[in-house]
Amino acid sequence: MRQNRIRKMERFRARGDEPYKRKFERTHAIGEVRAAFEALEKQAGPGEEVVVDAVLAGRIVARRVQGKSTFMDLRDESGKIQVFMGEKQVGPESYACLDDLDIGDFIGVSGKVHRTRRGEITLFASQWTILTKSLRPSAEKWHGLTDVETRYRKRYLDLVANPEVMDTFKKRIFMIQTLREWLLERGFLEVETPMLHPIPGGATARPFITHHNAYDRDFYLRIAPELYLKRLVVGGFEKVFEINRNFRNEGVDTRHNPEFTMMELYEAWQDYLGLMDETEEMLHHVISRTVGGEEFVYQGMTISVKRPWRRIRLYDAIREYAGIDLELTRDRDEAARMAERIGVEIDSTMGYGKIVDAVMSEKVQPHLVQPTFLYDYPIELSPLAKRKPDNPALTERFQPFIGCLEVGNAFSELNDPLDQRARFEAQAALRAAGDDEAQYLDEDFLFALEIGMPPTAGLGIGIDRLAMLCTDSASIREVILFPQLRTL
RNA sequence: GGACGGGUAGCUCAGCAGGUAGAGCAUCGGACUUUUAAUCCGGUGGCCGCGGGUUCGAGUCCCGCCCCGUUCACCA
């Protein structure tokens, strides 16, 4: 089949017609000409014929040949239009060359746009030219491309065969743009911090390791930008954010890709409750703009982002949904017994914090369909968050959940350098005890805190998960253009 | 890493009682100037994921491996 197409390509060349053209001047994108035509039709009187002259370019996605007339569907990024070519209209010589076209080829066409008798907006061609010859067929016209592995490994085929996939990614793009504009309008400055970290910090996760040859040092792909963004706040930036990739060397599933996109912001003079208000406003704005309303459906769940959102203390949520009161104890073993009694599996390596976290994910999270903030987390789970003044076992931290997905994480940032050092040391002890996800001690970050970071609140939003919600995608791979698969 | 499901033509899929590998679409040839999943007639096309085994004979049964999906474990 490929050989056949190469022969056709060569025939164009033999006729002195380059099959891989350079620039092509269009008068309209396909979507534009459709809109222009429909607008004129609305103005036109009854029986009055509407015609638009147009030069269009696009990929042939379907072809219906009828002897001396041929219909094709032509698609560009903005839409699809039917093209009619008649032997009389384009000339017999040019018409004969249509034999050398295939589905997948790019052509340029000029002519007049009318409606056919059957009501289809159609470009009646007077001339056409090959722009790019395709040498391989992509997919079947009716079923498209459904093989998930091919869709992910060869995303270009997915985009060609399944137009709704492009819609999904355009929604993601729009969502990020809306988020960025919201932040910029409120005076946040977008910054870029390193991807290569000498010490991986800012989250509890296993890092990817790489090597710098000239320095002969190992570096880690960042697991979070947090500690660098806070250094900027130390330096005097008061409102900063970054939208960029994080890398975590963990398992891959429908909600986790090894590289994922995170928005992190830091705001001086703010605390977690104030930031909760801002987060609610921000997510409400971004989601409702992206899905086109305050309600949307995610995996069969109807979700309303109408404000105000529910706010519930983590321990209260556990009491409500798990029926146990973990706040009564700080003892690891007792917490483990309570968790096991309600069927949550606990293993001996889990500390108090992880037990609370396990109960939350298994018993609480599945109920958080409508937007909900959980807040006030135990200190063991939050080594970078400020303690609550009235209860040093808790931190000023919250997480927004929507559609049972955890979409973010925020807290009043710990800016007491001595407390931060003690927390890092506790993490180091966990690490020594075999927890390879415990956080590393970053001496320079502590130095920065000793210089002084003003009161600050920080927020991270998982962009991919937000995109999943806005596009009703069951898997994170549906919202990442090139998701990570095993190399073949 | 475990469990379950899957890998057959370019695409979407059938075939499993072990007996020469099938359909639709695409493609190639023929008819057709208003079709839109066009229609009608005829044709081409396959390391049946990879490797081993059982058998006269394996897409089909057995063993090992690879890849994908779902899920559990770990995590965001």
Measuring from the side chain of [X] (C-beta onward, heavy atoms only), which nucleotide among [options] has the closest atom?
X      : options             : answer
A:E149 : B:C67, B:A76, B:U36 : B:C67
A:D147 : B:U33, B:U36, B:U12 : B:U12
A:Q66  : B:C67, B:U33, B:C13 : B:U33
A:R477 : B:G69, B:C13, B:U36 : B:G69
A:R206 : B:A76, B:C74, B:C67 : B:C74
A:Y152 : B:G69, B:A76, B:C13 : B:G69
A:Q89  : B:A76, B:U36, B:U33 : B:U33
A:L145 : B:C11, B:U36, B:A76 : B:C11

Can you tabulate the close N/O pairs, meaning under 3.5 Å, that link protein atoms to atoms of nucleotides 64-66 of chain B?
none

Rounded interatomic separation in angstrom, taking [atom1] from [X] and [atom2] from [N]:
X      : N     : atom1 : atom2 : answer
A:K68  : B:A38 : NZ    : C1'   : 19 Å
A:I476 : B:U71 : CD1   : P     : 13 Å
A:M360 : B:A76 : CE    : C1'   : 11 Å
A:E87  : B:U34 : CD    : P     : 13 Å
A:D158 : B:C68 : CG    : P     : 16 Å
A:D253 : B:C74 : CG    : C1'   : 9 Å
A:R136 : B:A9  : CZ    : P     : 15 Å

Practice problem: Please work out whether the ring planes of A:F12 and A:W128 are parallel, tilted or perpendicular, with thresholds of 30° and 60°. | Solution: perpendicular
Exercise. Describe, in one word, how the ring planes of A:H285 and A:W182 are oriented to each other, choosing from parallel (under 30°), tilted (30 to 60°) and perpendicular (over 60°).
Key: tilted
Exercise. Would you mind checking if A:K8 and A:D99 are paired as a salt bridge, meaning a charged N to carboxylate O distance below 4.0 Å?
Key: no
Practice problem: Using a strict cut-off of less than 4.0 Å between a Lys/Arg side-chain nitrogen and an Asp/Glu carboxylate oxygen, indicate whether A:E93 and A:R15 qualify as a salt bridge. | Solution: no
Self-check item: Set of ring pair (Phe, Tyr, Trp, His ring centres under 6.0 Å) partners for A:F398, sequence neighbours left out
Solution: A:F373
Quiz prompt | Summary of salt bridge (Lys or Arg N to Asp or Glu O under 4.0 Å) pairs that have at least one residue in residues 467-483 of chain A, sequence neighbours excluded | solution = A:R151-A:E478
Exercise. Please list, by residue number, the residues of residues 395-412 of chain A whose heavy atoms come closer than 4.0 Å to an atom of RNA chain B; answer none if no residue qualifies.
Key: A:E406
Using nucleotides 40-48 of chain B, report all nitrogen or oxygen pairs with the protein that are shorter than 3.5 Å.
none

Quiz item: Taking only N and O in the side chain of A:T146, is any of them less than 4.0 Å away from OP1 or OP2 of B:U12?
Solution: yes
Exercise. Verify salt bridge (Lys or Arg N to Asp or Glu O under 4.0 Å) between A:E259 and A:R245, making sure each step is shown before the conclusion.
Key: CA-CA 6 Å; A:E259 50 179 304; A:R245 224 63 69 78; 2.6 Å; yes
Just the table, please: protein N/O against nucleotides 22-27 of chain B N/O, every pair under 3.5 Å.
{"from": "B:C25", "atom 1": "O3'", "to": "A:K141", "atom 2": "NZ", "distance (Å)": "3.4"}
{"from": "B:C25", "atom 1": "O2'", "to": "A:E140", "atom 2": "OE2", "distance (Å)": "3.4"}
{"from": "B:A26", "atom 1": "OP1", "to": "A:K141", "atom 2": "NZ", "distance (Å)": "2.9"}

Quiz item: Is the CD atom of A:Q127 crowded by more than 12 outside heavy atoms at less than 6.0 Å?
Solution: no
